[in-house]
K.L.:
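I'd like to ask some things about the structure below.
In what follows, residues are counted from 1 in the order of the sequence shown. Predicted model, so just to flag it, every value in this text is computed and none were measured. Just follow the structure's listing: the first ligand is 1, and inside any ligand the first atom is 1.
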Amino acid sequence: MAIAWASHLEPEAVIYDCMDELSAFKGASPTLKNYEAELFRRANLVFTGGQSLYESKVNQHPNVYAFPSSVDVAHFGQGRTLKEEPADQANIPHPRLGFFGVIDERMDIELLAGIAEARPDWHLVLIGPVVKIDPAVLPQYENIHYLGSKDYKDLPAYLAGWDLAILPFARNESTRFISPTKTPEYLAAGKPVVSTSIRDVVRPYGDLKLVRIADTAEEFVVAAEQALQEDTPASGWLSRVDAFLEQISWDWTWGSMMQLIESAIATTQNTTINGKNGKSPISTDIPEAPSIITRDFIFDYLVVGAGFSGSVIAERLARNSGKKVLVVDKRNHIGGNAYDHYDDHGILVHKYGPHIFHTSSREVFDYLSQFTPWRSYEHHVLASVDGQLVPIPINLDTINKLYGMNLNSFQAEEFFQSVAEPREHIRTSEDVVISKVGQELYEKFFKNYTRKQWGLDPSELDKTVIARIPTRTNRDSRYFTDSYQAMPLHGFTRMFENMLNHPNIKVMLNTDYREIEKAIPCREMVYTGPVDEFFDCRYGKLPYRSLDFKHETHHTPVFQSAPVINYPNEQLYTRITEFKYLTGQEHSKTSIVYEFPKAEGDPYYPVPRPENQEIYKQYKALAESTSGVHFVGRLATYKYLNMDHCVAQALATYKEIAVKA
Ligand code: FAD
Ligand code: UDP
């Protein structure tokens, strides 16, 4: 509304700091939206006071940034130690459930009444002015205490005497975009918190299990009981709270805002516009927007990682959306783990172990077909077991050869049924195999291979790991059964070169994104590296399994009788791959690779276990609340994805980005 009084100002830059969707508040002026539209036209830069508000404003201006509430930890932290009670609270019995803030149409009045009725032994303490609503509509119970407004400096003393802090907001238009500052303030005082499902409280506080979420009076009472018992220093809750609060200081917010403001000013100063001295006079009566250049970014997107995930998104953003994209990779090549190259003997090899393309998605296959012709290739693997080489996945030939039998498919079915040990619940990788083929085949083919590969027993790994390998009663010896099975005719790297070959894409190798992110500002980021590293391993390191690759070239045209031979039992390596089978290359020599699993090193495999998933969930919640960064791919979404899954995921993410952009 102030824009009407600001016409005499000649600002260096206009910053719109949008704290709330005020037009949705009770009694809002009907002209507010028009003034806001004008302000959007004038502004060089926009800040929003929360994530939901950001999402609703981001498409209205090219330069919008979310700054959710920070907290003065030192001030509210006094709520953990202060002993002296303010006089008007001192006689209120415990347990006390407290709220401070404006009491207006955003308050869920029925909820307050419901809690007060359900637990007459609990006392609700409400601090703050009653605004815009008739005080008579507020529920009157003996156990609800309205103490009126208090000074900011006195709030910690009130907080100190509460047992639980509450955010009893209604879910309606006026609360859709709110981002209550009191959430981190309550937490800084070390109080357990229960809130209704306000979007910006649920994400991140609810997702990170720092605040409990409940909507009905019944749920609220249960959540409050649990919070009172469980959200304590002893349960580890308070240390998680403190770790989170460390990341949201006002100093950080202030510093980031200042940087953006300075760069907005610098941009307007360098731009000739229709005001004097390059300044834009504010006025309410000019219908035409001044041509202030608000974009001070060289690139629209910084894509971290030039593997499948990063390259697909970069390609789509550049070719389909006309965006300028900077792709960085800390390695000295593109292609990520799918990178291939000609070795010293001129043989095409996969630097990071065998990569065989297969997919059942027509969309993925058609998409990649724009960048490469294909060579049809169906993959076959043998396993070295009991001194013999037999097909894996286990099929009819495997058991006939292994046990010197001559069964047909029906008899094989009966054989598997006779050895299988069905399990009621299939939770782990051990359950998957034992319930299908029994203990003996499990031990010969899976148990030791898996222990080597993952450093874990199959009983400790999610069922999805070994469920990748089927069991068959026919003679089909293909490793995969997808409808499209083919290798890029000229190799993966050539395919990546074609994807990234676009005037809007620049590629920077040997570069960790952290080295350049400040020097080369980009509007948004697509991150495909390990998600825990992005957040400085704040919730602990996520385990990724690694491998050592031992590449060799032999002076013989053929080294082994199959493209890949698995060694479940005797060797330290898991498998040997002979590349010429995969690539179809003809050469008088042959190159192979051994894979030796290890715990440390380059991250290759996310480790699917429930406790890792729990850690990942925390990172995921944080990732979702990090505006302007999209997390994509095997490492950033901590999922055991194949190449085609990465392409599908990246295409889907691109579509989401494109809708908003
Ligand atoms: P990556 O390929 O890992 O790319 C991420 C990139 O980000 C890396 O290049 C990394 O250097 C870069 N990066 C990370 N952090 C930073 C940073 N801070 N700054 C700059 N750059 C950074 N899939 C199949 O479909 N078929 C197969 O046969 C197959 N075989 C496989 C065999 C092995 C041994 C392995 C490890 C994987 C295999 N996969 C296979 C899976 C396949 O490799 C992945 O699905 C795919 O490559 C993942 O692509 P991505 O872009 O998500 O990640
Ligand atoms: N596996 C096994 N024996 C084998 C092949 C696979 O125990 O001969 C198990 C092992 O745990 C492995 C998982 O099945 O990690 C998935 O195998 P896949 O070949 O799909 O693994 P990747 O190619 O991703 O390494």
K.L.:
Should you measure from each heavy atom of Gln453, which atoms of ligand 2 turn up under 4.0 Å away?
P.N.:
15 (O)
K.L.:
In terms of ring plane angle, is the pair Phe549 and Tyr352 parallel, tilted or perpendicular, where the classes change at 30° and 60°?
P.N.:
perpendicular
K.L.:
Is the shortest distance from atom 53 (O) of ligand 1 to a protein heavy atom below 4.0 Å?
P.N.:
no
K.L.:
Can you sort out which atoms of ligand 1 are near Leu641, meaning under 4.0 Å from one of its heavy atoms?
P.N.:
41 (C), 44 (C), 45 (O)
K.L.:
So, the side chain of His350 versus the backbone of His355: is there a donor-acceptor pair under 3.5 Å, distance only?
P.N.:
yes
K.L.:
Pull out every atom of ligand 1 sitting under 4.0 Å from any heavy atom of Gly633, numbered as shown with elements.
P.N.:
52 (O)
K.L.:
Output yes when the distance from some N or O of ligand 2 to some N or O of Phe446 is under 3.5 Å, and no in every other case.
P.N.:
yes
K.L.:
Just which atoms of ligand 2 are under 4.0 Å from any heavy atom in Phe445?
P.N.:
2 (C), 3 (N), 4 (C), 7 (O), 8 (O)
K.L.:
Which of the atoms in ligand 1, numbered in the order shown and given with their element, are less than 4.0 Å from a heavy-atom of Arg514?
P.N.:
18 (N)
K.L.:
I'd like the name of whichever of Ile565, Val465, Ile394, Val564 reaches closest to atom 16 (C) of ligand 2 through any heavy atom.
P.N.:
Val465
K.L.:
Measure the distance from atom 20 (O) of ligand 2 to every protein heavy atom, then report the residue, atom name and distance (to 0.1 Å) of the closest one.
P.N.:
Arg468 NE, 2.7 Å
K.L.:
Any atoms of ligand 2 less than 4.0 Å from a non-hydrogen atom of Asn566? List them with their elements.
P.N.:
4 (C), 5 (C), 8 (O)
K.L.:
I'd like to check which ligand 1 atoms, numbered from 1 as shown, lie under 4.0 Å from a non-hydrogen atom of Gly529.
P.N.:
14 (C), 15 (N)
K.L.:
Give the atom numbers and elements of ligand 2 that come within less than 4.0 Å of a heavy atom of Thr450.
P.N.:
7 (O), 9 (C), 10 (C), 11 (O)
K.L.:
Using a 4.0 Å heavy-atom cut-off, which part of Arg575 comes near ligand 2: side chain, backbone, both, or neither?
P.N.:
side chain
K.L.:
Just to be sure I'm reading this right: ignoring hydrogens, which of Gly307, Ser309, Ala636 gets closest to atom 50 (P) of ligand 1? Compare them by their nearest heavy atoms.
P.N.:
Ser309
K.L.:
Which is closest to atom 9 (O) of ligand 1 by heavy-atom distance: Asp329, Ile356, Leu635, Thr637?
P.N.:
Asp329
K.L.:
Where's the contact between Trp454 and ligand 2, heavy-atom distance under 4.0 Å: side chain, backbone, both or neither?
P.N.:
side chain
K.L.:
With atoms numbered from 1 as shown, which atoms in ligand 1 lie under 4.0 angstrom from a non-hydrogen atom of Val304?
P.N.:
16 (C), 17 (C), 19 (N), 20 (C), 21 (N), 22 (C)
K.L.:
If you have a sec, work out which protein heavy atom is nearest atom 18 (P) of ligand 2 and how many Å separate them, to one decimal?
P.N.:
Tyr479 OH, 3.7 Å
K.L.:
Against heavy atoms of Tyr605, which atoms of ligand 2 measure under 4.0 Å?
P.N.:
22 (P), 24 (O), 25 (O)
K.L.:
Measure the distance from atom 24 (O) of ligand 2 to every protein heavy atom, then report the residue, atom name and distance (to 0.1 Å) of the closest one.
P.N.:
Tyr640 OH, 2.5 Å
